[in-house]
Amino acid sequence: QSHEQINSKHTIEPHVLMFPIPFQGPVNCFLKLAELLCLSGIHVTFLNTQHIHRPLLRHTEVLSRFSRYPNFRFETIPDGVEHETPVSVDRFLEVMAGVDVVTKPLFREMMVSGRFSWESERPVTVMIPDAYFSFAVDVAKEASVPVICFETVSPCCLWTSYLNLPTLIEAGDVPFKGNDLDELITSIPGTEQIIRRRDLASQCRSTDMSSQSIELIVKEAHAVPEAQGLILNTFEELDSLILKHMRKLCPNIYTIGPLHTLHKAQLTANTNPLQENNFSNSVWKEDRTCMSWLDEHDPKTVLYISIGSLATMTIDQLVEIWYGVINSGTPFLWVRRPGSIIGGYDESQVPDELLARTKEIGCIVEWAPQEDVLAHPAIGGFLTHSGWNSTMESITQGIPMVCWPNFVDQQVNSRFVEEVWKVGVDIKDTCDRLQVEKAVRDIMDSKRNVYTQSANTWANLAKESITKTGSSSIHLARLIDDILAMSL
Ligand code: UDP
């Protein structure tokens, strides 16, 4: 059935409630999907918890873009978190604890009593919560509303470390008991020859199985297969290794990645060509001065360095990475997010030679327009914390990576970058200037051809996946059809 056929039969109009976890990366992904749903005529209520919504209210470009859609609205719900968007990962559990105590009971009450209805006559017909919000799956069931989870961490992490966590615990692989971190984990179907203990998601390193972070994953592992569907930000070819196994547990998977390029393509095709589109949903202001700095460099000569919106490092780690990059002689554009250095940044602890050389070959900004940076011809490599969005953005542009993962899915992503997709070097659990220098030289110079060749192959497949007949476009169309059908 086409959209029109289903629409004509409607008495209740499709109205999706989207509910992301309150962090910059997931909110960004949810907004992109929300906009795609809006373009297809579906009504969307976008539920943000209050503390993440506050900085978004100041981001007038995002607000004005969404104000174009009469079928879109923001709603907020308290989360008991006093401060603004967290700038470091140590706040993650604090925020999730606030959600658990304050948001969860309120959300249940509001959902069950129909408070999210649009102008009282349009009830929620489908719920799309972040897969981390396992409680939302329970509430949807209680309210008899179909639910499709959206997982914004990587599929390789979801499979190896979340959905299989009960298996890992049963097999004695988790918690780690002083075992060899390089030992292969053979209990997960599909990754028996790939994933070592050190490559599991960072939560698996916890020795306390009753900890909040483990509890959240165990709940997610049970909730996700009970939803009517699962949305993933990947494309079929990239994760073919694990998708076939995952589909045995969650048969209805929609692979709609790379979401940022699918979003950009569909938005461009569906809006007035004269209308200026800024595709960014970044909560923080981007410093675009680095773009003219990049213009001064030859193609593929600059290393881009960023550890995303939450990861942190010590000043010693900063100095080691800094030396490694400087000693490689590679010009660099480095994002130094305020709050990203544990204990604060103190220039007096940085050797003068690093500061002097940086003036010659470096550019430092607090927050960059990353998608545009990675698309700039001068960029030849990316030293990254291996966040899933950054990884997808780099793969899409065919940029080789040096991976220095911090937490959550990053440990798994960096392993897949090196071992499965062969687009970079994984230096996890080390922070040594010699190793950084070697890894940077590898991707920028000595092994550049090898990495670039596979990076370009993935980039081309990513591009194909979002064409009209590409797998991600087809999965998005199916998702929209299913939402319409579920709303009948
Ligand atoms: N990002 C950005 N400017 C920066 C650094 C990062 O816009 O200076 C964006 C980046 O494009 C990506 C997101 O922030 O979309 C980071 O997401 P990721 O999943 O890589 O990491 P997280 O921040 O969630 O750890």
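When a ligand or atom number is given, it counts from 1 through the structure's own listing order. Below, all heavy atoms of this structure are taken into account, side chains as well, without hydrogens, waters or symmetry copies. Throughout, numbering of the chain's residues begins at 1 and tracks the sequence.
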(message) With a 6.0 Å cut-off on the ring centroids, do Phe92 and Phe407 count as close?
(response) no
(request) Could you tell me which atoms of ligand 1, counted from 1 in the order shown, lie closer than 4.0 angstrom to a heavy atom of Trp388? (result) 19 (O)
(message) Checking the side chain of Asp79 only, and the main-chain atoms of His51 only, is there a donor and an acceptor separated by less than 3.5 Å?
(response) yes
(request) For Asn233 and Thr152, indicate whether the former's side chain and the latter's backbone hold a donor-acceptor pair under 3.5 Å. (result) no
(message) For a quick test of reading the model, state the closest non-hydrogen atom pair linking Lys104 to Lys219 and the distance between them.
(response) NZ-NZ, 4.4 Å
(message) Within ligand 1, which atoms have a heavy atom of Gly308 less than 4.0 Å away?
(response) 23 (O)
(message) Which of the numbered atoms in ligand 1 are under 4.0 angstrom from any heavy atom belonging to Val335?
(response) 8 (O)
(request) May I ask you to list the atoms of ligand 1 that are less than 4.0 angstrom from any heavy atom of Ser309? (result) 22 (P), 23 (O), 24 (O)
(message) Is there a polar contact, in the sense of an N or O pair closer than 3.5 Å, between Asn28 and ligand 1?
(response) no
(request) Return the option from Thr391, Val408, Asn389 holding the heavy atom at the smallest distance from atom 13 (C) of ligand 1. (result) Asn389
(message) I need the contact type for Trp367 against ligand 1. Using non-hydrogen atoms and a strict under-4.0 Å cut-off, is it side chain, backbone, both or neither?
(response) both
(message) Would the distance check show the side chain of Gln317 and the main-chain N or O of Thr314 forming a donor-acceptor pair, the cut-off being under 3.5 Å?
(response) yes
(message) Taking the ring of Phe150 and the ring of Phe30, is the distance between their centroids below 6.0 Å?
(response) yes
(message) Taking 4.0 Å as the limit for heavy-atom contacts, which would you say applies to Ser306 with ligand 1: side chain only, backbone only, both, or neither?
(response) side chain
(message) Give the atom numbers and elements of ligand 1 that come within less than 4.0 Å of a heavy atom of Tyr304.
(response) 4 (C), 5 (C), 8 (O)
(message) For the backbone of Met392 and the side chain of Thr396, can you confirm whether one donor and one acceptor N or O come within less than 3.5 Å of each other?
(response) yes
(message) Under a 4.0 angstrom heavy-atom cut-off, which atoms of ligand 1 come close to Ser390?
(response) 18 (P), 20 (O)
(request) For ligand 1, indicate whether the residue His385 contacts it via side chain, backbone, both or neither (heavy-atom separation under 4.0 Å). (result) side chain
(message) How far is atom 11 (O) of ligand 1 from the closest protein heavy atom, and which atom is that?
(response) Glu393 OE1, 2.6 Å
(message) One residue to check: Gln24. Relative to ligand 1, which of side chain, backbone, both or neither has a non-hydrogen atom less than 4.0 Å away?
(response) neither
(request) Starting from atom 6 (C) of ligand 1, locate the nearest protein heavy atom and write down its residue, its atom name and how far away it is, to 0.1 Å. (result) Gln370 OE1, 3.1 Å
(request) Applying salt bridge (charged side-chain N to carboxylate O under 4.0 Å, His left out), run through Arg337 and Glu286 and close with a yes or a no. (result) CA-CA 11 Å; Arg337 197 184 77 244; Glu286 295 157 343; over 6 Å; no
(request) Look only at interatomic distance and state if Ala368 has a nitrogen or oxygen under 3.5 Å from any nitrogen or oxygen of ligand 1. (result) yes
(message) Side chain, backbone, both or neither: which applies to Trp334 and ligand 1 if a contact is any heavy-atom pair less than 4.0 Å apart?
(response) neither
(request) Kindly say whether Trp421 contributes a backbone atom to a donor-acceptor pair with the side chain of Trp458 at under 3.5 angstrom? (result) yes
(message) If you count every heavy atom of other residues, nucleotides or ligands that lies below 6.0 Å from Lys438 atom NZ, does the total exceed 12?
(response) no
